[in-house]
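All values reported here derive from a predicted model rather than from experimental measurement. Note: hydrogens, waters and symmetry copies are ignored here, and every other heavy atom, side chains too, is used.
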Amino acid sequence: MASLLKNLNLMSLHSTTNREVTMKQQPKVYGPSMDWNIHGKDHHRSCHGLRFVEAINERVNGTVAPREAASTVSVGLMKSAPSIIYEEEVPVDADQMHLMGRLVEAGSVYRQHFMIRCYEIGPDNTATVETILNLLQEAGINHMKSSGLCMENDYVATPVMSLMKLVWVVSRVHVQIRKHTSWGNIVEVDAWFDSASKNSFRRDWIVRDSKTKQTIAKATSTWVIMNKETRKLSKIPEEVKQELYSFQSSRVALKGTYEMDKINKITDQVADLIQSGIAPKWSDLDGNQHVNHIKYVGWILESIPVDIFAKYDITNIILEYRRECRQNDVLESVFSMEVLADSPDEIMKTAAKDIESTHLLRKQDNKAEIVRAKITWQSKRPYIARAIQ
């Protein structure tokens, strides 16, 4: 008798372990009407339609859902419902909240996936230039973090630089856009860096469609070091070069020279528009306590006539950073535009030509230059893959 009671207790414990689910812990269920059993009671739930839940076991936009990390929830169904799909609430570990990605190509390249969110697209339903630049910056920073080349709460400096009160600042960015991606698409970003000169480093990126592997954009940038106390540029210490040496890659995303892509200064005499009173907000600043280099792009594009956005796509953008902008600075935006003489659309046999806009952001009081920019615009047309160097 005692043996029988013991066996019954074990069976009861096993049943409770597999079937007992509190209402707070219930997984979300999507599917047709069904009957199910919780705590030994029959329940009926009706769901209108069937929503497909696709489990992507890769890190996208800071979330990670490996199956081994999912909470184990067992529900005893009274009737079979093969079309039911469960969406389980997956706890995300604090250490996995930042975008992690992975190192590839013998550890010299960092690869990361991002989903284009609804607030990252413009009126034409494609990702904005600022979105692409933000993804590049995020992948670059996470590359440094995953390689141990930045402090836990200081993404602007390596451990050695942090001790020397030095920070990274960008001096130049060049992005070529081949295909404009849309909301919900997942893009794959490769990031790597190499020494560019005695006192600068080059960081490159390639952005691809995660499914088709088509190239969406290529980019290159130049980074130098600034003393965060004096706010002046500094030579790169040998200790920092040694710190970075084993992580460098000689790959090149964009070929070209500085002279080929040089941005000429705009004078007031040739400017099509001068917009004054641009004042940075607190939210425009980054960890270096100055305006983040991507914020300038939005200010630059505000000077572009609306009909240009309706008729043209951005295919090339170059930014040259001359000095930093602090929160108390007030800027002017200077803009001019010209039609490129040698850009007939031979493929479509139309007279459409590319146009080029040149931009200057400067301080309003003393006219000191902050940023120069040059943007190439291509007439909108049915999608044709554009050649990238």
Side-chain angles (χ1 to χ4, degrees), residues 128-138 140-141 144-145 150-158 160-175 196 199-201 203 219 221-237 240 263 265-268 271 273-304 317-335 357-375:
T128 64
V129 175
E130 297 100 307
T131 293
I132 299 299
L133 287 167
N134 277 319
L135 298 185
L136 301 183
Q137 178 178 244
E138 188 71 12
I141 290 172
M144 300 296 280
K145 185 167 186 176
C150 68
M151 306 294 287
E152 183 65 27
N153 297 312
D154 185 6
Y155 63 86
V156 296
T158 68
V160 172
M161 288 170 60
S162 184
L163 293 174
M164 297 180 175
K165 302 186 183 304
L166 302 173
V167 293
W168 290 112
V169 291
V170 64
S171 65
R172 191 172 186 274
V173 174
H174 183 184
V175 182
N199 287 306
S200 66
F201 270 77
R203 174 170 285 286
S221 60
T222 304
W223 296 76
V224 293
I225 283 180
M226 181 183 76
N227 186 299
K228 67 179 181 180
E229 292 187 341
T230 66
R231 315 304 292 184
K232 293 182 179 180
L233 297 184
S234 170
K235 293 182 179 180
I236 300 180
V240 175
I263 305 174
K265 182 179 179 179
I266 309 176
T267 63
D268 291 2
L273 176 70
I274 299 178
Q275 181 182 359
S276 303
I278 301 174
K281 304 185 296 293
W282 174 256
S283 59
D284 295 329
L285 308 184
D286 61 18
N288 284 333
Q289 306 305 309
H290 60 202
V291 173
N292 183 268
H293 67 279
I294 300 173
K295 294 292 183 180
Y296 297 117
V297 176
W299 297 343
I300 287 170
L301 294 179
E302 283 299 316
S303 63
I304 300 293
I317 181 169
I318 302 173
L319 301 125
E320 293 179 359
Y321 300 90
R322 300 305 180 96
R323 55 176 50 81
E324 65 178 345
C325 176
R326 308 299 291 273
Q327 188 181 5
N328 294 329
D329 293 326
V330 179
L331 307 185
E332 288 180 336
S333 176
V334 186
F335 151 77
S357 58
T358 305
H359 306 262
L360 172 65
L361 289 177
R362 66 190 183 191
K363 291 187 179 182
Q364 188 167 302
D365 54 0
N366 61 11
K367 310 303 180 186
E369 292 189 17
I370 303 294
V371 183
R372 289 185 187 185
K374 183 167 64 175
I375 305 175

Exercise. Atom SG in C325, atom NZ in K295: separation rounded to 0.5 Å?
Worked result: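 The NZ atom of K295 is 12.5 Å from SG of C325, to the nearest 0.5 Å.
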
Exercise. To the nearest 0.5 Å, what is the distance between CZ (R372) and CD1 (I300)?
Worked result: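 It is 12.5 Å, given to the nearest 0.5 Å.
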
Exercise. Under the side chain to side chain donor-acceptor pair (under 3.5 Å) test, which residues partner D365, sequence neighbours left out?
Worked result: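 Here no residue qualifies.
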
Problem set entry | CG/N328: more than 12 non-hydrogen atoms of other groups inside 6.0 Å |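 Counting other residues, nucleotides and ligands, CG of N328 stays at 12 neighbours or fewer.
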
Exercise. Is there side-chain contact between I294 and D286, with at least one heavy-atom pair below 4.5 Å?
Worked result: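 Of all side-chain heavy-atom pairs linking D286 with I294, none is under 4.5 Å.
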
Problem set entry | Option from Y296, W299, F335 for which side chain to side chain contact (heavy atoms under 4.5 Å, CB included) with H359 holds |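 Exactly one option meets the side chain to side chain contact (heavy atoms under 4.5 Å, CB included) with H359, and it is F335.
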
Exercise. Looking at I266, I274, D329, which hits side chain to side chain contact (heavy atoms under 4.5 Å, CB included) with R362?
Worked result: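 One option only clears the test, and that one is I274.
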
Exercise. Tell me the side chain to side chain donor-acceptor pair (under 3.5 Å) pairs involving residues 221-230, sequence neighbours left out?
Worked result: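 Applying side chain to side chain donor-acceptor pair (under 3.5 Å) to every pair that reaches into residues 221-230, excluding sequence neighbours, yields S221-W223.
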
Distance-only donor-acceptor pairs under 3.5 Å for side chains of residues 275-284, two or more places apart:
| unit_1 | atom_1 | unit_2 | atom_2 | d |
| --- | --- | --- | --- | --- |
| S276 | OG | E332 | OE2 | 3.3 |
| D284 | OD2 | K281 | N | 2.8 |

For this session: List in chain and number order the residues that pass ring-ring contact (aromatic ring centres under 6.0 Å, His included) with Y155, two or more places apart in sequence or in another chain; answer none if no residue qualifies.
Result: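 Once residues adjacent in sequence are excluded, Y155 has no partner under the ring-ring contact (aromatic ring centres under 6.0 Å, His included) criterion.
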
For this session: With sequence neighbours left out, write down each residue that passes side chain to side chain contact (heavy atoms under 4.5 Å, CB included) with V129, or none if nothing qualifies.
Result: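 Applying side chain to side chain contact (heavy atoms under 4.5 Å, CB included) to V129 gives L133, I177, V297, I314, I317.
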
Exercise. Which residues pass the side chain to side chain contact (heavy atoms under 4.5 Å, CB included) test with L163, sequence neighbours left out?
Worked result: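 Result, side chain to side chain contact (heavy atoms under 4.5 Å, CB included) vs L163: none returned.
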
Exercise. What do the steps show when you test Q137 against V170 for side-chain contact (heavy atoms from CB on, under 4.5 Å), and what is the final call?
Worked result: CA-CA 11 Å; Q137 178 178 244; V170 64; over 6 Å; no

